[in-house]
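Written below as structure tokens is the structure these notes are about.
Owing to the predicted nature of the structure, the values given are computational and were not obtained by experimental measurement. Values reported hereafter were calculated over all heavy atoms of this structure, with side chains retained and with hydrogens, waters and symmetry mates removed.
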Amino acid sequence: MAKYLYGASVQGIQQFIFQTNELKDIVGASELVEFICTKLFKEVVGNGWKEANQVISAAGNVKYIFEDRTECEKVVRNFPRQVMINAPGVTISQAVVELEDDFVKSINELEGKLRSQRNKPCKSITAGRLGIKRSPQTGLPITDMEKGVGYDSSTYAKRKHNKVIKLCQKSFGDDVDLKLSSIPFDVEKITGKNDWIAIIHADGNGLGKVVQKIGHHIEDFKQFSKELNKATIAAANDAFKKIKPENGWEKDIIPIRPIVLGGDDMTVIIRGELAIEYVTEFMKRFEQYSSVGDLSHILTKAGMTRLTACAGVAFIKSSYPFYYGYALAEQLCKYAKKKETATVISSLMFHKVQDSFVKSYEDIEQRELKTSNGNSFCFGPYYLNEGEEPNGYYTIGKLMSLCKELDEEKNEGIKTGIRQWLTLMHDDEGKAYQRVKRLKTLNEDKDSTSIIDALTEGREITKQEKAFSAYDVLTYHTILNQQTKEETR
């Protein structure tokens with residue numbers, strides 16, 4: 001008897017999640033996406049549901065094996081409607097293929113069909129007439145009232161599914177004593193001595209290679225998905241413990257809001273000064289947990305010893321639209337993966353948003369990070385492990401150590417000199433090199449020329465062009481040390 005591999009993929013997850021800057025709605029949207037892929041799908045399948053037939057059910061993706069054609073057709077008819085009713089504003093793509101003995105071949109065929117389906121527009125059920133009162137946050141028609149406040153159907157559904165403790169417990173660890181009062185519902189509660197927050201997006205590298213090698217049998221594929229999810233959650237738990245202060249958080253508010261955690265994906269909103277340390281520990285632990293236990297045995301079959309991860313960190317002001325911040329973090333993560341090495345190495349890219357609107361990181365690079373002579377201040381990616389970074393690149397540890405060196409008493413005044421050099425590099429590179437030569441002369445008796453060289457010597461891109469680390473180091477130093485608000489505890 002023929003079996004059928006069914007696949008569904010939630011479209012526009014990021015736009016749905018980051019539709020507003022309300023943290024309660026963002027987290028509720030994330031929970032709602034998980035609900036669609038788990039409980040709602042199971043309800044639609046009904047009495048014929050079998051746990052053993054579930055292949056994937058997380059991060060906006062569903063893959064399930066149907067043993068009966070009629071049951072499969074019923075789900076294809078009913079599931080999209082139930083998704084749009086329970087999560088207004090969300091649409092899904094669906095596809096079905098006949099299951100073959102070679103599971104990878106079936107998966108590849110299914111993914112190809114899903115990609116085609118994503119290009120077919122689906123009519124939204126959240127559209128309303130011109131004369132209907134609309135939500136000031138989303139612009140969508142108000143359909144529900146609660147305590148005198150009107151909500152559109154999408155926002156109302158998000159608030160009903162906002163299980164705050166559940167997602168935080170998953171991200172921070174079961175051994176963390178969580179209180180509802182410790183979880184910030186206002187983004188201002190996340191900020192510290194300045195208004196900078198960060199959106200971090202990280203995901204694993206080379207998973208396609210693993211699936212191609214070990215996924216020919218469905219049980220191996222399912223086991224890999226399960227162990228990968230466990231490694232990601234464990235890495236996030238350790239990252240939280242790494243940045244948790246011994247004496248507790250200021251005002252007992254945890255300045256982190258997890259958004260997505262599952263599969264190989266991790267997305268959080270976090271206080272700016274904690275971001276790099278947090279994601280560095282996450283990548284380190286992700287590598288560690290993938291190199292031991294059942295996941296290690298699976299990777300051995302694929303000829304690998306461990307998994308790696310890349311991350312993008314978008315530093316934004318707390319008032320900046322989260323949707324654009326996330327889009328930038330995702331682009332930065334992809335940029336980190338682009339570096340051509342034999343295998344993709346764990347690394348990160350970051351950027352501090354200075355403009356009121358961001359089109360793409362490539363646009364930012366051309367407008368803000370290029371000199372008139374074609375030199376660049378885009379120095380990353382920054383690599384996790386010393387000895388793995390390509391020639392001329394820095395590790396994350398090197399980035400952090402340079403920031404600390406700038407705070408040393410002997411290096412007082414170098415920050416100002418380097419900022420002047422950066423300005424001159426945009427206007428007149430000849431004067432810029434005169435300025436850095438003068439800066440070295442003024443500081444040669446303080447043994448400070450090494451840090452000046454590290455910031456201004458540059459890495460060769462072509463014979464005519466170089467990339468310099470000064471901009472990134474000063475940017476990160478500002479995130480760590482700038483104080484625009486009074487410190488309170």
Side-chain angles (χ1 to χ4, degrees), residues 1-11 36-80 83 92-120 203-232 262-265 290-291 293-308 343-344:
M1 182 185 292
K3 293 183 179 180
Y4 303 90
L5 179 60
Y6 168 89
S9 176
V10 177
Q11 295 178 201
I36 289 168
C37 300
T38 53
K39 292 182 180 179
L40 183 61
F41 180 74
K42 186 175 180 179
E43 289 172 9
V44 173
V45 174
N47 295 331
W49 168 267
K50 292 181 180 178
E51 187 74 31
N53 287 8
Q54 178 180 290
V55 181
I56 292 177
S57 183
N61 291 289
V62 175
K63 288 182 177 63
Y64 185 85
I65 297 170
F66 284 97
E67 298 171 358
D68 180 83
R69 182 186 179 98
T70 304
E71 281 191 5
C72 183
E73 289 174 344
K74 182 192 76 172
V75 170
V76 171
R77 282 195 307 271
N78 298 332
F79 189 47
V83 168
I92 65 165
S93 305
Q94 298 183 109
V96 180
V97 297
E98 193 167 317
L99 188 60
E100 301 185 25
D101 291 336
D102 188 336
F103 188 66
V104 166
K105 186 177 180 181
S106 298
I107 281 284
N108 289 340
E109 185 182 355
L110 181 71
E111 290 295 344
K113 288 189 173 184
L114 281 171
R115 282 192 292 272
S116 298
Q117 287 296 315
R118 291 188 192 107
N119 295 324
K120 297 180 180 179
D203 62 40
N205 301 320
L207 300 188
K209 176 184 174 183
V210 179
V211 172
Q212 291 295 326
K213 290 288 183 68
I214 61 93
H216 295 278
H217 301 288
I218 188 169
E219 291 306 318
D220 287 342
F221 184 88
K222 288 165 67 175
Q223 181 70 6
F224 172 68
S225 298
K226 178 183 175 183
E227 295 300 325
L228 175 63
N229 190 60
K230 286 167 60 177
T232 302
D264 67 321
D265 289 339
S290 67
S291 66
D294 292 337
L295 187 52
S296 173
H297 296 150
I298 295 169
L299 292 175
T300 300
K301 296 179 184 179
M304 300 170 68
T305 58
R306 74 185 195 279
L307 290 174
T308 60
T343 57
V344 183

Open item on the list: Does H297 form a side-chain contact (heavy atoms from CB on, under 4.5 Å) with D294? I'd like the steps, not just the answer.
Closed with: CA-CA 5 Å; H297 296 150; D294 292 337; 4.1 Å; yes
Go through the structure and list residues passing side chain to side chain donor-acceptor pair (under 3.5 Å) with [X], not counting sequence neighbours.
{"X": "E100", "result": "none"}
{"X": "D102", "result": "H216"}
{"X": "Q94", "result": "Y6"}

Heavy-atom pair with the smallest gap, counting every atom of [X] and [Y]:
{"X": "N229", "Y": "G263", "result": "OD1-N, 2.8 Å"}
{"X": "V211", "Y": "V104", "result": "O-CG2, 3.2 Å"}
{"X": "G204", "Y": "D264", "result": "N-OD2, 3.0 Å"}
{"X": "V10", "Y": "C37", "result": "CG2-SG, 4.4 Å"}
{"X": "K113", "Y": "V97", "result": "CD-CG1, 3.9 Å"}

Task: Stepwise side-chain contact (heavy atoms from CB on, under 4.5 Å) test for I36 and F41 - done: CA-CA 6 Å; I36 289 168; F41 180 74; over 6 Å; no
Quick check for you: to the nearest 0.5 Å, what is the distance between [X] atom [atom1] and [Y] atom [atom2]?
{"X": "I107", "Y": "I56", "atom1": "CD1", "atom2": "CD1", "value": "6.0 Å"}
{"X": "L110", "Y": "R115", "atom1": "CG", "atom2": "CZ", "value": "10.0 Å"}
{"X": "I298", "Y": "M304", "atom1": "CD1", "atom2": "CE", "value": "12.0 Å"}
{"X": "L299", "Y": "K213", "atom1": "CG", "atom2": "NZ", "value": "11.0 Å"}
{"X": "D101", "Y": "I218", "atom1": "CG", "atom2": "CD1", "value": "11.5 Å"}
{"X": "C72", "Y": "L5", "atom1": "SG", "atom2": "CG", "value": "9.0 Å"}

Open item on the list: Is it the case that the side chain of K222 and the backbone of A52 share a donor-acceptor pair, with hydrogens and angles ignored and the cut-off at 3.5 Å?
Closed with: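 Present.
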Which residues pass the salt bridge (charged side-chain N to carboxylate O under 4.0 Å, His left out) test with [X], sequence neighbours left out?
{"X": "E67", "result": "K50"}
{"X": "E73", "result": "R69"}
{"X": "K3", "result": "none"}
{"X": "K230", "result": "E227"}

Can you name the side-chain contact (heavy atoms from CB on, under 4.5 Å) partners of [X], sequence neighbours left out?
{"X": "S93", "answer": "Q11, L114, Q117, R118"}
{"X": "A2", "answer": "Y4, E98"}
{"X": "Q54", "answer": "W49, E51, S57, Y64"}
{"X": "N205", "answer": "T308, C310, K337, V344"}

Task: Criterion side-chain contact (heavy atoms from CB on, under 4.5 Å) on V55 and F103, from CA distance to verdict - done: CA-CA 11 Å; V55 181; F103 188 66; 3.9 Å; yes
- [ ] Return each pair, listed once, that meets salt bridge (Lys or Arg N to Asp or Glu O under 4.0 Å) where at least one residue sits in residues 53-63; pairs must be two or more places apart or across chains.
- [x]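 Passing the test, one end in residues 53-63: K63-E111.
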Task: Intermediate values then yes/no, side-chain contact (heavy atoms from CB on, under 4.5 Å), V210 and L228 - done: CA-CA 11 Å; V210 179; L228 175 63; over 6 Å; no
Open item on the list: In the structure I gave you, are the side-chain heavy atoms of R77 and K74 within less than 4.5 Å of one another anywhere?
Closed with: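 Yes. Closest side-chain heavy atoms under 4.5 Å.
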Open item on the list: Does atom NZ (K42) have a neighbourhood of more than 12 heavy atoms from anything else shown, all under 6.0 Å?
Closed with: no
